[in-house]
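Here is the structure we will look at.
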Amino acid sequence: QVQLVESGGGLVQAGGSVRLSCTASGRTFSRTNMGWFRQAPGKEREFVAAITGSGTLTSSADSVKDRFTISRDNAKNTVYLQMNSLKPEDTAVYYCATTSTQILGRLTYRDAYDSWGQGTQVTVSS
């Protein structure tokens, strides 16, 4: 099973930026679709962004569109989430995940993902 390790979280002021990284084990990384989710206290884990194995297609939640960008470097087995113009409501634990699904319409669904990282906390102060 693939191992995922997130990093890059922390405390940032509103309007600031943070880049999260997620490094994966395994030799099939370049063929694996990846996603970022987040979970705020007392709320369900929600979709943030996804990217196909080749990196040619991405999808983002409406709440982060134009502020967050997902990308990947397959040579480093790493997927990134660049978060700009952060708001206090972006405060959450952020998780990366892998999915074996090749159905692009499923990439926004939490239950399509089968391996998860431990999460990294992002706190945005007002």
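Being a predicted model, the structure only gives us computed values, none of them experimental. Below, each value reflects all heavy atoms present in this structure, side chains not excepted, and no hydrogens, waters or symmetry copies.
Put simply, the side chain of Arg72 gets close to the backbone of Thr52: a donor and an acceptor are under 3.5 Å apart. In this structure a side-chain-to-backbone donor-acceptor pair under 3.5 Å is missing from Asn33 to Thr99. Under the 3.5 Å distance criterion, the side-chain polar atoms of Ser25 are matched with a main-chain donor or acceptor of Gln3.
Once rounded to the nearest 0.5 Å, the distance linking OH of Tyr80 with CG of Asp73 reads 5.0 Å. Between Gln13 atom CD and Ser126 atom OG the span is 9.5 Å, to the nearest 0.5 Å.
Applying the disulfide bond (SG atoms under 2.5 Å apart) definition to pairs two or more places apart or across chains, none involves residues 40-74. The list of disulfide bond (SG atoms under 2.5 Å apart) pairs with a residue in residues 44-94, not counting sequence neighbours, is empty. Here disulfide bond (SG atoms under 2.5 Å apart) pairs that include residues 80-126, with residues two or more places apart or in two chains, are Cys22-Cys96.
Counting non-hydrogen atoms of other residues, nucleotides and ligands closer than 6.0 Å to NZ of Lys76 gives a total of 12 or fewer. Counting heavy-atom neighbours within 6.0 Å of Asp66 CG, excluding the residue itself, gives a total of 12 or less.
In terms of heavy-atom proximity, Lys65 sits nearest to Ser60 at NZ-O, 3.0 Å. Closest approach of Thr120 to Gly9, counting heavy atoms only: OG1-N, 3.2 Å. Here the closest non-hydrogen pair linking Arg31 and Gln102 is O-NE2, 3.9 Å. Looking at every heavy atom in both residues, Asn74 comes nearest to Gly53 through ND2-O, 2.9 Å.
Partners of Thr23 by side chain to side chain donor-acceptor pair (under 3.5 Å), not counting sequence neighbours, listed by chain and number: Thr78. Scanning for side chain to side chain donor-acceptor pair (under 3.5 Å) contacts around Gln121 gives Thr123, with sequence neighbours left out. Evaluation of the side chain to side chain donor-acceptor pair (under 3.5 Å) rule for Asp90 yields Arg38, Arg67 as partners, not counting sequence neighbours. Checked against salt bridge (charged side-chain N to carboxylate O under 4.0 Å, His left out), Arg110 has the following partners two or more places apart in sequence or in another chain: Glu44. Legend: residues meeting side chain to side chain donor-acceptor pair (under 3.5 Å) with Thr56, ordered by chain and number and at least two apart, are Ser54. Partners of Phe37 according to the ring pair (Phe, Tyr, Trp, His ring centres under 6.0 Å) rule, which considers only residues two or more places apart in sequence or in another chain, are Phe47, Tyr113, Trp116.
Taking the side chain as every heavy atom from C-beta outward, Asp111 and Arg106 approach each other to under 4.5 Å.
Its side chain outside the 4.5 Å cluster rule for every partner, Val5 clusters with none of the Ile, Leu, Val, Met, Phe, Trp and Tyr residues. In this structure, Val64 shares a hydrophobic cluster with Val2, Leu4, Val12, Val18, Leu20, Phe29, Met34, Trp36, Val48, Ile51, Phe68, Ile70, Val79, Leu81, Met83, Leu86, Tyr94, Val122, Val124, the cluster being traced through Ile, Leu, Val, Met, Phe, Trp and Tyr side chains under 4.5 angstrom apart. Summarising the hydrophobic clusters (Ile, Leu, Val, Met, Phe, Trp, Tyr; side-chain heavy atoms under 4.5 Å, direct or chained), the residues clustered with Leu11 are none.
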